[in-house]
There are 2 protein chains.
Amino acid sequence: MTTEEKILVAAREEFQQAGFGGARMQKIADRAGINKASLHYYYRNKEKLFQQVLQKDILRLMIPVSMVLRDPSLSLEQRIRTFVKTTTQLFMDQPNLLLFIMQELNRAPERLLNLVRDILKEHGLNDDESRTFRGQLEEGVKNGTLKPVDPEQYIASVLGMCMFPYAARSLVMELLEKDKEAYQNFLEQRQEELITLCRRMIFRSDEPED
Amino acid sequence: MTTEEKILVAAREEFQQAGFGGARMQKIADRAGINKASLHYYYRNKEKLFQQVLQKDILRLMIPVSMVLRDPSLSLEQRIRTFVKTTTQLFMDQPNLLLFIMQELNRAPERLLNLVRDILKEHGLNDDESRTFRGQLEEGVKNGTLKPVDPEQYIASVLGMCMFPYAARSLVMELLEKDKEAYQNFLEQRQEELITLCRRMIFRSDEPED
DNA sequence: GTCTATACACTGATAGAC
DNA sequence: GTCTATCAGTGTATAGAC
């Protein structure tokens, strides 16, 4: 692991935990096991370092998510399963990733939205709209295979169901009166249940069709 | 409006936007239209001021939410409707409230969880467990009125569906390719759709029963 | 490339006049 | 209660030796 990488890892931890304003260059240097001056040697200043970290994290979140939403090879059924699995895996691995991005996207939207758009454009190369999540939902509603639903409202719901318990971990923990261990358990069991619940909102039967 | 209140409003805006570390006492003073020294006259230091703001905001969020979850006078059907309506109204009014609390709850959980617990204890005086959201779901599943579901997983899902589009506003906006105005529209239409979707996950029919 | 030492700006907080 | 002036502490960033 190069010094450059060690710095990025250390910086990510610090930025995710403290936010840009609360993060301290000294702490990042400590975590990375180097001197504060070396930090400025690799990344000219705090802002540049932050940009690097944030860009990497946005990629880490947006690429898998937007891919699952648009991958033309997936059936509707498979897409739901894949979406649940992908997000669960991602946030089990990176517990603070989502909230960090939500935070910074909210703090300075104009600075980041162009970046996000480029990522979505570059990695969402599927131009067959009928083979996206949205397109499949639209078609299913039109021909009556699915229960009537606004595709975008449904997508937002799936996003919320999959992501919110990770982003709002402490809040949900308290509302459900669970401790850390019980909540971890809860999240692991959630995958199966999520698929069932997502299906029920649109499918006419609880039985899978493919 | 007293100076004290003006400060709290100004401080909330600044803290919500910049976080504790990024917030500047000077900016709070400017927003409140007073001098920086007066800030310290009313609230000894930054930390105290922050605590005041955060406590008020936690109350603003947790009281209505936990009340809807436990109010013994609500039927299951009514509870879903009320939950959707309450959260929608709250976040339309206070767009940054939820994300701010998620942020701070994540940044320093140990400092805030006791506060949250006290609030929940004080305002969740319903000791008839069978008349809570959880209790009603449990009973419905047991006697077959409802589709089989884990009550807590369902509650977490409803929370996510209602709250996530507000907390992750920019993220969802981009994934759905909407601008600010279109997204506002989307959120207004969402109320109706939310009730339908929440019902479908547990009720055997789309028709309301009461 | 990595260190020590230091410059420089900023911020939270206080003293004291009015 | 509200202001001006100012201090002390901290944090980013750089200079320069090795």
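Reminder, nothing fancy here: chain letters follow the sequence lines and each chain counts from 1. Given the structure is predicted, the values throughout are model-derived calculations rather than measurements.
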Tell me whether the OP1 or OP2 atom of [N] has a side-chain N or O from [X] closer than 4.0 Å.
X	N	value
B/Thr3	D/dG1	no
A/Ser38	C/dC3	yes
B/Arg24	C/dC10	no
A/His40	D/dT14	no

What's the [atom1]-[atom2] distance between [X] and [N], to the nearest Å?
X	N	atom1	atom2	value
B/Leu39	C/dA15	CG	C1'	17 Å
B/Met25	C/dT14	CE	P	10 Å
B/Phe50	C/dA13	CZ	P	14 Å
A/Ile7	C/dG1	CD1	P	11 Å
A/Glu47	D/dG11	CD	C1'	15 Å
A/Tyr42	C/dT2	OH	P	3 Å
A/Asn45	D/dA13	CG	P	5 Å
A/Tyr43	D/dT12	OH	P	17 Å

Any side-chain to backbone donor/acceptor pair from A/Arg190 onto B/Gln153? Under 3.5 Å, distance only.
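Here the side-chain-to-backbone pair exists.
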* Asked: Which distance, rounded to the nearest 0.5 Å, do you find between the CG of A/Leu197 and the OG of B/Ser157?
  ->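 Answer rounded to 0.5 Å: 5.0 Å.
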- What distance separates B/Met25 CE from B/Asn45 CG, expressed to the nearest 0.5 Å?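 So the gap between those two atoms works out to 7.0 Å.
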What does A/Asn35 touch in the nucleic acid at a heavy-atom separation under 4.0 angstrom: a base, only the sugar-phosphate, or nothing? base
**Request:** Select base, sugar-phosphate, or nothing to describe what A/Ala23 touches, counting heavy atoms under 4.0 Å on all strands.
**Result:**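 Result for A/Ala23 = sugar-phosphate.
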Would you call A/Met102 and B/Met102 a side-chain contact if the rule is heavy atoms closer than 4.5 Å? yes
Query raised in the report: Quick one: does A/Lys36 reach the base of D/dG11 with a side-chain donor-acceptor pair under 3.5 Å?
Result: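 Such a pair does not exist between side chain and base.
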Grab the two heavy atoms, one from A/Asp150 and one from B/Glu193, that are nearest each other, plus how far apart they are.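 Closest heavy-atom pair between A/Asp150 and B/Glu193: N-OE2, 2.8 Å.
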Exercise. For DNA chain D, whose closest nucleotide is more 5', that of A/Arg44 or that of B/Ala37?
Worked result: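 Looking at DNA chain D, the more 5' nearest nucleotide goes with B/Ala37.
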